[in-house]
Structure formats: C-alpha cells, structure tokens
Amino acid sequence: QVRMVETGGGLVQAGGSLTLSCAASGRTDRRYAMGWFRQSPGKEREFVAAIGWSGASTRIGDAVKGRFTISRDTARITVFLRMSSLKPEDTAVYYCAEAFGGSPSEDSSAYSNWGQGVLVTVSS
C-alpha cells in the first residue's frame, strides 16, 4: 500500500521561504506524476504545482507562479515544493498526491493517493 509522507510545514514570516517534501512510501514503480494542492479554511482545494514522473515537465498554479518551484530527486522517490516570497494568503494545509498517470495535472481527480497534509502558516 502506497502512503504519501509529507514533511516541512511550519510557521514562517511573510517574505520568507520554506520547503515541503513528499515521499511515496511503499512505491516501487516510480512512473507516476506527483502534485501539491492546498486548502485554507472556507476555501476549496487549490492546485499548487505538479511534476511528471521523469521530472522533465512541471505545472505551477497561477497564484504561486514565480514564487514556488517543484522538483523531484534523481531516484524519483521524493518531491520537493520550494516556496519563496511567502505571503499570508499562502497559509493553508498543503497536500501531496500521487497521480494515476505519469503526466502532471492541475485536476485533483487525476490523483489517487493523498497525504495527510502539512500546515503552513505565514505571519504578516
């Protein structure tokens, strides 16, 4: 059974940086895209970023474009979401998810396995 393990959440001041990590524990076949979504109270889940199975293709959400980047290690086990120039409106629970296929998608229905989520709080 594949389990998504997220780490790196916490409290950061506006303008600061934070990196989230996500590993697909129990996954031996690594030909799957992975993505990050976020949800803040009273709002719908929002696409943040996604990366294809090889790491060659990425998609970044409009709200974080130019500030967030996504990458994966050479073993394609761990995915990183590097967040910079953080704003209070970036405060949310961030979820990592593994896609059904190998291409990155902004559609949450394209993802099968979801992590528990990590809280990122940006103070003003």
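No experiment lies behind these values; they were computed from the predicted model shown.
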Met4 vs Met34, side chain to side chain contact (heavy atoms under 4.5 Å, CB included): CA-CA, chis, key distance, verdict: CA-CA 10 Å; Met4 311 305 290; Met34 293 174 71; 3.3 Å; yes
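- Here the side chain of Ser84 pairs a donor or acceptor atom with the backbone of Arg67 at under 3.5 angstrom.
- Taking all atoms of both residues into account, the shortest heavy-atom contact from Ser124 to Ala14 is CA-CB, 4.3 Å.
- Checked against side chain to side chain contact (heavy atoms under 4.5 Å, CB included), Thr121 has the following partners two or more places apart in sequence or in another chain: Leu11, Thr91, Leu119.
- The CZ atom of Phe100 sits 8.0 Å away from atom OG of Ser109, with the distance rounded to the nearest 0.5 Å.
- In this structure, Glu6 contributes its side chain and Gln116 its backbone to a donor-acceptor pair below 3.5 Å.
- A chain of hydrophobic side-chain contacts below 4.5 Å, direct or via other Ile, Leu, Val, Met, Phe, Trp or Tyr residues, connects Ile60 to Val79.
- If you take CG on Leu18 and CZ on Arg82, they are separated by 12.0 Å, rounding to the nearest 0.5 Å.
- A cation-pi arrangement is present between Arg45 and Tyr95, with the terminal nitrogen or guanidinium carbon under 6.0 Å from the aromatic centre and inside a 45° cone about the axis.
- Looking at Gln13 and Val122, their side chains never come closer than 4.5 Å, going by heavy atoms from C-beta outward.
- Judged purely by distance below 3.5 Å, without hydrogens or angles, the side chains of Ser105 and Asp107 never pair a donor atom with an acceptor atom.
- Follow the hydrophobic side-chain contacts under 4.5 Å out from Tyr111 and you never reach Val48; the two are in separate clusters.
- A distance of 7.5 Å separates CZ of Arg59 from CZ of Phe47, quoted to the nearest 0.5 Å.
- Relative ring orientation between Phe37 and Trp114 is described as tilted, the plane-to-plane angle lying within the 30° to 60° band.
- Partners of Glu89 by side chain to side chain contact (heavy atoms under 4.5 Å, CB included), not counting sequence neighbours, listed by chain and number: Lys87.
- In this structure, SG on Cys96 lies 11.0 Å from CZ on Phe80, to the nearest 0.5 angstrom.
- Atom OG of Ser54 and atom CZ of Arg72 lie 8.0 Å apart (nearest 0.5 Å).
- In this structure, the side chain to side chain contact (heavy atoms under 4.5 Å, CB included) partners of Thr58, at least two apart in sequence or on a different chain, are Ile51, Ile70.
- When all heavy atoms are compared, the tightest approach of Asp73 to Ile77 is OD1-N, 2.8 Å.
- In plain terms, the two heavy atoms of Pro104 and Gly52 that are nearest each other are CD-CA, 3.7 Å.
- One finds the OG atom of Ser108 at 10.0 Å from the CD atom of Gln39 (value rounded to the nearest 0.5 Å).
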Side chain to side chain contact (heavy atoms under 4.5 Å, CB included) assessment of Val64 paired with Met83: CA-CA 8 Å; Val64 303; Met83 308 181 292; over 6 Å; no
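- Trp36 is not connected to Tyr32 by any chain of hydrophobic side-chain contacts under 4.5 Å among Ile, Leu, Val, Met, Phe, Trp and Tyr, and they are in different clusters.
- A distance-only check finds no donor-acceptor pair linking the side chain of Asn113 to the backbone of Ala97 [under 3.5 Å].
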CA sep, side-chain torsions, deciding dist, call: Val120, Leu20, side chain to side chain contact (heavy atoms under 4.5 Å, CB included): CA-CA 9 Å; Val120 173; Leu20 304 182; 4.0 Å; yes
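- Side chain of Tyr94 to main chain of Leu81: no donor-acceptor pair is present (N/O by atom type, distance under 3.5 Å, no hydrogens or angles).
- When all heavy atoms of Ser21 and Thr78 are compared, the pair lying nearest together is CB-CG2, 4.2 Å.
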